[in-house]
K.L.:
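Provided herewith is a single structure, encoded as structure tokens, for subsequent inquiry.
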Amino acid sequence: MYNGTVTLSSYLTVIFSASFLGARIAAAYGRADQAARLDVMTVDGVWPAVQGIAYGGDYSPEQWPRETWHEDVALMREAGVSMVSIGIFSWALLETSEGVFDFDWLDDLIELLHDNGIAVDLGTPTASPPAWFFAKHPDARPVSRDGVPMGFGARGMASPSSPEYREASVRIAGRLAERYGGHPAVVMWHVHNEYGQPVGEDYSAHAVLAFRQWLEARYGTIAELNRVWGTAFWGQRYSDWHEVSVPAAALSVVNPAQRLDFARFTDHQLRQCYIAERDAIRAHAAQPITTNFMANSSWVTDLWAWGREVDIVSDDHYLWAADPEGEIGLAIAADLSRSVAGGKPWILMEHSTSAVNWQPRNVAKRPGEMARNSLSHLGRGADAILFFQWRASRSGAEKFHSAMIPHAGTQSRVWREVVELGATLGRLAEVRGSRVQADVAILWDFESFWAQDLEWRPSVDVSHAERIRAFYEQCWRAGITIDFALPGHDLSRYSLVIVPAQYLLTTADAANLAHYVEHGGTLLVSFFSAIVDEFDTVHEGGYLAPLRDALGVTVEEFLPLRENATASVAFDGSTLAADVWQEHLALAGAEVMGTYLDGPGAGMPAITRNRHGDGVGWYVSTRLDAAGLTRVMAAVYADAGITAADLPAGLEVVRRRGETHDYVTVINHGDTVASVPVSGFDLVGQSEVTRGTPLAAGAVAIVRTTT
Ligand code: GAL
């Protein structure tokens, strides 16, 4: 499995096992071409065998008569579609009753696609178990936190802790792999769909038993469980494992350490479901295996851990229509996908051609917006651009969702743009495999978010997602590319590490951050960080204590502001605006760079800077507005030796580095003409550009450059 680094031996292992398995499959199927084909099923050990930038989407022909299938493949060819994902919600059609399988229609479909040169990303249908499964196993239904068992008629998996669900999902995945693992059209496996949505936490009887086992394996004794959960508080002491349960709804706030462990357990159970299916497929098939993530929109799964279990990262991204700068949220998701892929190319598994159907107001994309979205993902490392879905569904819950073929058919703006995008991607084949490199990292730690998001925190206005976006926006506007990272990662390649919210920070991870500073790094830490350890227990020595040496400061007391209250900070000769939060800092060697002018902290230090070893640690103890943060960031960039680009509003610039060329994606999200900041050959417009060449409002250039 891919684990973030490619070594020669891991590459050879993949190639070797692919050819070994290929020979076995060839023997089993008697198809002489199989063994040779499996040797080239992946490129660089992980990439599906599709030429250039893969293009396509989810395809659900089971919703249509056979005549439509033939029209579909003809139109796919017209649009340049090279790969489709099929079978994702087809369990009820593939296993019509327990153990009774009907693969005929899928055989025909795969042959049709293959005959038309369209590669298949084959789904396992386990995100939507059939009605017969729930009728037979009613106890496999997931149960909500307030005890309601979920009904049938929507989609969503069964309880991830149900042994019957595990068995049934492994069986269907294995049967599919047995049948299609050797099919030349199948280039990738798509396990399940979006683990964690809509079933995240499950409070069923199966979950209770599995949670106890998970805790026992983790903590060994009930005494240790009592210690780490701090059960002396409110008299929650347990004397035996059978007394321990899931943190179901209770009269008041449930033990936060118990809830944090339940979040970990939920992630673990979902991941075990994935691993079980993956291994059942791997027994018969050599193609890369993935499952589609929801970076930056679901917090249920710890994508760092999942990234180690997939052969290639794939992500689904949908714009949030209420966000006037959705392109920034998109960039965050893309950068997170690339980061959990260890910097390798990844797959944009789903996005929309126009409006979605599940937001309060589903805003249609404007002309050109779909291409801008797609090319932003590509610029940030995606080597496949896929959509949900190929043809709009006439029935069911998603009939108002856009598609590559909308209800209006091919006489439509959306279809014309789909064809145009296919042609554009065809001109971008050489970009494939090139890598984005970032000098700045922002920490992103799901465990910390799970802990911080529980009840009874000092202020409801403090949000890790909001601070991540605030710091990320600063960098996006300055043309600075970001990687996301965990606090325990090797951070030495970054000039600057930003800690926007790290409520939970283990002592070991704090030591890693201090080590980073000591060896010359610049660390910028935002308020409400390093408060608790892995058990949601406040650090000995108080808030921020584990970072005391790196930052030269700790926090004596939180000073949250009232709703809508504002405050100001004197910094470098100007007054910066802030709100939500102040702190009473205890200096331990840091230099005071900014001082509170008003509010409960009036006269106290607000922003500090500390030399530690060869590096610098900055601390910002309040929520500055964007203009204020820009001022502080300028000083931080200077310490880190980073140059912020002077870009016009709305101009997105990001670079991929290839072996012989770089590829600079330039997207003008603004309403006025901007200019290209580099010289070279624009692969989108197929023309030479020089620094300063005009770029129309809404236009994109991807410039092959040697600079
Ligand atoms: C995704 C899901 C797809 C489709 C899409 C609609 O989250 O994987 O199956 O429902 O949303 O936007």
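Whatever order the structure lists them in is the order used to number ligands and atoms, beginning at 1.
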K.L.:
Out of all atoms in ligand 1, which are within 4.0 Å of some heavy atom of E194? Include the element for each.
P.N.:
1 (C), 2 (C), 7 (O), 8 (O)

K.L.:
Should we count CZ of F152 as having more than 12 external heavy atoms under 6.0 Å?
P.N.:
yes

K.L.:
Pull out every atom of ligand 1 sitting under 4.0 Å from any heavy atom of D316, numbered as shown with elements.
P.N.:
8 (O)

K.L.:
Mark yes when over 12 heavy atoms from residues, nucleotides or ligands other than E78 sit less than 6.0 Å from its CD; otherwise mark no.
P.N.:
yes

K.L.:
Pairs in or reaching into residues 136-148: which pass salt bridge (Lys or Arg N to Asp or Glu O under 4.0 Å), with residues at least two apart or in two chains?
P.N.:
E98-K136

K.L.:
Using a heavy-atom cut-off of under 4.0 Å, does the side chain or the backbone of D58 touch ligand 1, or both, or neither?
P.N.:
neither

K.L.:
Considering non-hydrogen atoms of the protein only, which is the closest contact for atom 5 (C) of ligand 1, and what is the distance?
P.N.:
Y318 OH, 3.5 Å

K.L.:
Would you mind listing which atoms of ligand 1 come within a distance below 4.0 Å of any non-hydrogen atom of W358?
P.N.:
6 (C), 12 (O)

K.L.:
Parallel, tilted or perpendicular: which describes the rings of W214 and F211, with under 30° parallel and over 60° perpendicular?
P.N.:
parallel

K.L.:
In terms of residue, atom name and distance, what is the protein heavy atom nearest to atom 3 (C) of ligand 1?
P.N.:
E350 OE1, 3.3 Å

K.L.:
Provide the number and element of each atom of ligand 1 under 4.0 Å from a heavy atom of N193.
P.N.:
2 (C), 8 (O), 9 (O)

K.L.:
Can you list the ligand 1 atoms lying under 4.0 Å from a non-hydrogen atom of F89?
P.N.:
9 (O)

K.L.:
Is it the side chain, the backbone, both or neither of E398 that has a heavy atom closer than 4.0 Å to ligand 1?
P.N.:
side chain

K.L.:
With heavy atoms under 4.0 Å as the rule, classify the contact between I88 and ligand 1 as side chain, backbone, both or neither.
P.N.:
neither

K.L.:
For residues Y195 and H192, establish whether the separation of their ring centroids is below 6.0 Å.
P.N.:
yes

K.L.:
Please tell me whether F388 and Y318 form a close aromatic pair, meaning their ring centres lie under 6.0 Å apart.
P.N.:
no

K.L.:
So, 4.0 Å and heavy atoms of R155: is ligand 1 close enough to count as a contact?
P.N.:
yes

K.L.:
For ligand 1, is any non-hydrogen atom under 4.0 Å from H401's backbone (N, CA, C, O), its side chain (CB onward), both, or neither?
P.N.:
side chain

K.L.:
Is it true that W64 and W390 have ring centroids separated by less than 6.0 Å?
P.N.:
no

K.L.:
Distance check, rounded to the nearest 0.5 Å: I442 atom CD1 versus F484 atom CZ?
P.N.:
5.0 Å

K.L.:
Between Q389 and ligand 1, which part of the residue brings a heavy atom under 4.0 Å of the ligand: side chain, backbone, both or neither?
P.N.:
neither

K.L.:
Would you say that more than 12 heavy atoms from the other residues, nucleotides or ligands in this model lie under 6.0 Å from the CD of E167, or not?
P.N.:
no

